[in-house]
Trainee: 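Here you go, one structure.
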Number of protein chains: 2
Amino acid sequence: MSRLVSDALQDTRTARRLVAGGRPARQQSLRDHNLGLALRLVAEAPTPVSRAQIASTTGLTRATASTLVETLLAGGLVREVPLPPTARSGRPAVGLVLAPGGPGGLGLEVNVDYIAATVVDLTGAVVVHEVHAGDQRVLTPAAALRTTAAVGAAALAAAQRKGVRVAGTAVALPGLVHDGRLLLAPNLGWQDVDVRRLLTRNRRLTALPLALDNEANYAALGEVSPTARTFVHVSGEIGIGAGIVLDGELYRGSRGWSGEIGHVTVVPSGPACHCGATGCLEVYAGQEAILRAAGLAGQSVGAPGAALAERATLGDPALLAALDAAAGALGTVLAGVLNVLDISTVVLGGIYAPLAPWLLPTVGHELSRRVLWSSWEPPSVRTAAHGPEAAALGAARSVVAAVVSEPERWLVT
Amino acid sequence: MSRLVSDALQDTRTARRLVAGGRPARQQSLRDHNLGLALRLVAEAPTPVSRAQIASTTGLTRATASTLVETLLAGGLVREVPLPPTARSGRPAVGLVLAPGGPGGLGLEVNVDYIAATVVDLTGAVVVHEVHAGDQRVLTPAAALRTTAAVGAAALAAAQRKGVRVAGTAVALPGLVHDGRLLLAPNLGWQDVDVRRLLTRNRRLTALPLALDNEANYAALGEVSPTARTFVHVSGEIGIGAGIVLDGELYRGSRGWSGEIGHVTVVPSGPACHCGATGCLEVYAGQEAILRAAGLAGQSVGAPGAALAERATLGDPALLAALDAAAGALGTVLAGVLNVLDISTVVLGGIYAPLAPWLLPTVGHELSRRVLWSSWEPPSVRTAAHGPEAAALGAARSVVAAVVSEPERWLVT
DNA sequence: AAGCATAAGTTCAACCAATCAACAAATCTC
DNA sequence: GAGATTTGTTGATTGGTTGAACTTATGCTT
């Protein structure tokens, strides 16, 4: 039996798609695909790559690799750099890296008590990061977004001074986003705000493509690294949400409502949750629940995560007990997620990040008890690499990810 | 601002891929992609389609559509059929349908007390279905698989008599499958069996490509229909597993261990499960648990689902209570799955299918209580359309799905 | 019945991207 | 300095889609 033919059936990767959806493939699609292939290679390689390396690792001919690189160079996405001399014989290679001046991304985050702007260049490096503190709840959406646009425009100007042009803007919002609108943001007290329209009133932002998404989604994307491309990112804020990242891409579900772990049941007969059900995770591990169990309910704390961490360091017994209960509930629910999705990494973000020292042991313990395959492949739990700035960073990176995945749309003409 | 450019960022579909993984795209890839596009259109259309329709709905030119169809016709995948006369003027179109004699698929299922074989033709219609009853646990794996191969060969012969040639074989196995081997099948009492080698000893099967996968996975795929392409298929047997089907394709997780809902926690402090944890779903809704709660433990029942259903019809109070408890636990866990994955359909299979009349109300109730978006988009629960033959059917269909998705590999020369 | 309009399908030159083979360029080795 | 070796480029060739013209087959109109 031909092993090769057999692979045609056994192969479980997603079906080959030259172009997305049901679109036809034309000559241009070939070029687009291969451009992306080459650029991704340059982007993901730890050191500069040569045309010859592109050819040999992709399977393209050196001739084709050369013409692709030619296009990328002319389009300003890639730059030639000298390569350290090797001891090998033969004509020395010319290194290629992502052009630092090439199209970067602007990430904006509108949140309850601050507005953040981050610009990354094409290589993903942070070029500008600005935080504008201030309670947005006292403002109208229009006013808050006018400020947001101004903060974004200032970041754009600063990026331009550093020689980075920006390809697009992505905005992280603390609520339910659909089709350019913020349908509901309980913590801001906003409802059905046309964020796209209000932001693009600003002349500098009008010129750029604009993407909007949930803050937790972008925060999860901000945690993607070459070594961690599949994980569940738990973001504890007022509510508890999870961003499910599979191979570097967000799993959004059929309607974008995935990751609602805050209302997964921990104890079926537990206390009532404001969602109408009983025993939800939020009742045990939500910010509110932890504050209440620690006897801190009602006190308006600026940064609850940091405040709680400070108090935990002092050894407050009520708080420590509350944290342990929260960690137990969190671990139980996350074990379920890992069992269902076969994911082996959990990243704790949001208020859980500063509290991680008190959470990690119990969460880890529950995971190793309850995840079926934990003895073969122990699941790992770690703290988010970025703090509150994760969402703006992830948003900015999502822009450059779009550039790298579809270079043909971003070549300078 | 250009709305088109903005879409480049906002577009959340998976990135365009001309060919899978990091492979280069060549001229042939264009042809392959467009062949698949055209064939899928023919496969999914409810009525025969014309070359002109292929052209207009795909965006290809009529010229290209014609040459693609020419290839598919010559390759035996598609057939011309006369089209009912329309009242329109102009040259009448020629209809195209999947060739009924074209490459079909053979699905085999090896299970504890039977071996099943199903052959479907390229259109997905069942051509042959044979069940060979008999306890496989009393046989050695080699002997059982010799019988399996013989059953498969007989089905192939029967298919051939009906004019259906078969492109490949897929085998559903009740256990952990990896790389052609059955690593562990507790209910069969098998361990590390090289199923591929043993089956392909049979001369008739040697000639065909062979795929192996878990029985629950294929059963889930068997439930895919044009109207239901995203769902969670719960398969209650000795254990409880879920097949997660997203847009017609199985989500397998990073290591193929997804869907282990049997060990998702229902009550953190519940009774011990044999997996080492406590309060797992299996403790409440497993076949064993239901039998025990109904006072039927230990009795070896041939088809436990049917036997329980019969008894439930008689109104056995202990059993009805057990079923309600199971349904409550199942509903709680499934609500979590739906909250996390944003999937709105649940399909009950395995022993839950015959018991569905007693389970559906409570499962549905728990879902509507606990799924966050249930009041906007009520989740639906339904019974699996196919009974125990689902796995063999799904396996057979997975073969033709491979043919339709990569037609270039299956054209007769 | 003839002529016209209309739609389906085919043919063929043109185009475009990748390939292949030969070549030029830049280095190392002996 | 000659030969070996590797990188990158050039130009003819191949293969697949396109676009426009053409053929075919039907309904509608007069």
Side-chain angles (χ1 to χ4, degrees), chain A residues 16 18-19 23-38 41-42 48-75 78 80-96 407-408 411, chain B residues 18-19 23-38 41-42 47-75 78 80-96 407-408 411:
Chain A
R16 166 238 332 117
L18 198 55
V19 291
R23 288 205 297 272
R26 23 205 67 161
Q27 305 279 89
Q28 186 66 43
S29 319
L30 276 193
R31 175 43 62 106
D32 295 349
H33 175 90
N34 289 335
L35 271 178
L37 199 63
L41 211 73
V42 172
V49 290
S50 68
R51 292 161 172 81
Q53 279 170 23
I54 291 175
S56 68
T57 64
T58 59
L60 294 162
T61 59
R62 289 206 311 275
T64 307
S66 265
T67 62
L68 292 172
V69 167
E70 188 48 46
T71 310
L72 293 173
L73 280 170
V78 148
E80 290 190 333
V81 293
L83 228 41
T86 62
R88 290 185 316 166
S89 80
R91 173 175 172 174
V94 180
L96 298 163
E408 73 275 8
L411 300 167
Chain B
L18 197 54
V19 290
R23 290 206 296 274
R26 22 204 70 157
Q27 303 279 89
Q28 185 66 43
S29 319
L30 277 194
R31 163 83 3 151
D32 294 349
H33 175 88
N34 288 336
L35 272 178
L37 200 61
L41 211 72
V42 173
T47 56
V49 291
S50 67
R51 292 163 172 82
Q53 279 171 24
I54 292 176
S56 69
T57 64
T58 59
L60 294 162
T61 57
R62 289 205 314 273
T64 308
S66 266
T67 63
L68 292 172
V69 167
E70 188 49 45
T71 311
L72 293 173
L73 280 170
V78 147
E80 291 190 334
V81 292
L83 226 43
T86 63
R88 292 186 314 169
S89 80
R91 173 173 171 174
V94 179
L96 298 164
E408 72 277 6
L411 300 167

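Throughout, a chain's letter reflects where its sequence line sits, starting with A, and its residues are numbered from 1.
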Trainee: Distance check needed: D:dT17 P versus B:Leu37 CG, whole Å only.
Mentor: 11 Å
Trainee: Looking at B:Ala63, is its backbone amide N or carbonyl O close enough to the side chain of B:Ser66 to form a donor-acceptor pair, meaning the two atoms are under 3.5 Å apart?
Mentor: no
Trainee: Would you mind classifying the nucleic acid contact of B:Ser50 as base, sugar-phosphate or nothing, using non-hydrogen atoms under 4.0 angstrom?
Mentor: sugar-phosphate
Trainee: For A:Ile54, which of A:Leu37, A:Val42, A:Leu68 qualifies under side-chain contact (heavy atoms from CB on, under 4.5 Å)?
Mentor: A:Val42
Trainee: Reckon B:Thr61 has a side-chain N or O less than 4.0 Å from the OP1 or OP2 of D:dT18?
Mentor: yes
Trainee: Just how far is it from atom CG of B:Leu96 to atom OG1 of B:Thr47, taken to the nearest 0.5 Å?
Mentor: 11.0 Å
Trainee: In whole angstroms, how far is the P atom of D:dA21 from the CZ atom of B:Arg62?
Mentor: 13 Å
Trainee: With side chains defined as the heavy atoms from C-beta onward, is the minimum distance between A:Leu83 and A:Pro92 less than 4.5 Å?
Mentor: no
Trainee: Once you round it to whole Å, what is the distance between C1' of D:dT17 and CD of B:Gln28?
Mentor: 14 Å
Trainee: Could you state the CG-C1' distance from A:Leu73 to D:dG8, rounded to the nearest angstrom?
Mentor: 13 Å
Trainee: Take B:Gln27 and B:Thr67, find for each the nucleotide of DNA chain C with the closest heavy atom, and name the residue whose nucleotide sits nearer the 5' end.
Mentor: B:Thr67
Trainee: Grab the CD-P distance between A:Glu70 and D:dT7 for me, whole Å please.
Mentor: 19 Å
Trainee: Distance-only, no hydrogens or angles: does the A:Asn34 side chain make a donor-acceptor pair with backbone N or O of B:Ala25 under 3.5 Å?
Mentor: yes
Trainee: Going 5' to 3' along DNA chain C, which nucleotides are the first and last within contact of chain B (any atom under 4.0 Å from a heavy atom)?
Mentor: C:dT6 to C:dT19
Trainee: Can you find a side-chain donor-acceptor pair between B:Thr67 and B:Arg31 that sits under 3.5 Å?
Mentor: yes
Trainee: Check the phosphate of D:dT17 against B:Asn34, side-chain N and O only, distance under 4.0 Å to OP1 or OP2. Yes or no?
Mentor: yes
Trainee: How close or far is atom P of D:dG8 from atom CD1 of A:Ile54, stated in whole angstroms?
Mentor: 9 Å
Trainee: For a quick check, tell me whether the side chain of B:Arg88 and the base of D:dG27 share a donor-acceptor pair closer than 3.5 Å.
Mentor: no
Trainee: Looking only at N and O atoms, is any donor in the side chain of A:Arg91 or the base of D:dT7 less than 3.5 Å from an acceptor on the other one?
Mentor: yes
Trainee: Reckon A:Ala63 touches a base, only the sugar-phosphate, or nothing at all at heavy-atom distances under 4.0 Å?
Mentor: base
Trainee: Using a heavy-atom cut-off of under 4.0 Å over every strand shown, decide if A:Arg31 touches base, sugar-phosphate, or nothing.
Mentor: sugar-phosphate
Trainee: Could you measure the distance from the CD atom of B:Glu408 to the CG atom of B:Leu72? Nearest 0.5 Å is fine.
Mentor: 10.5 Å
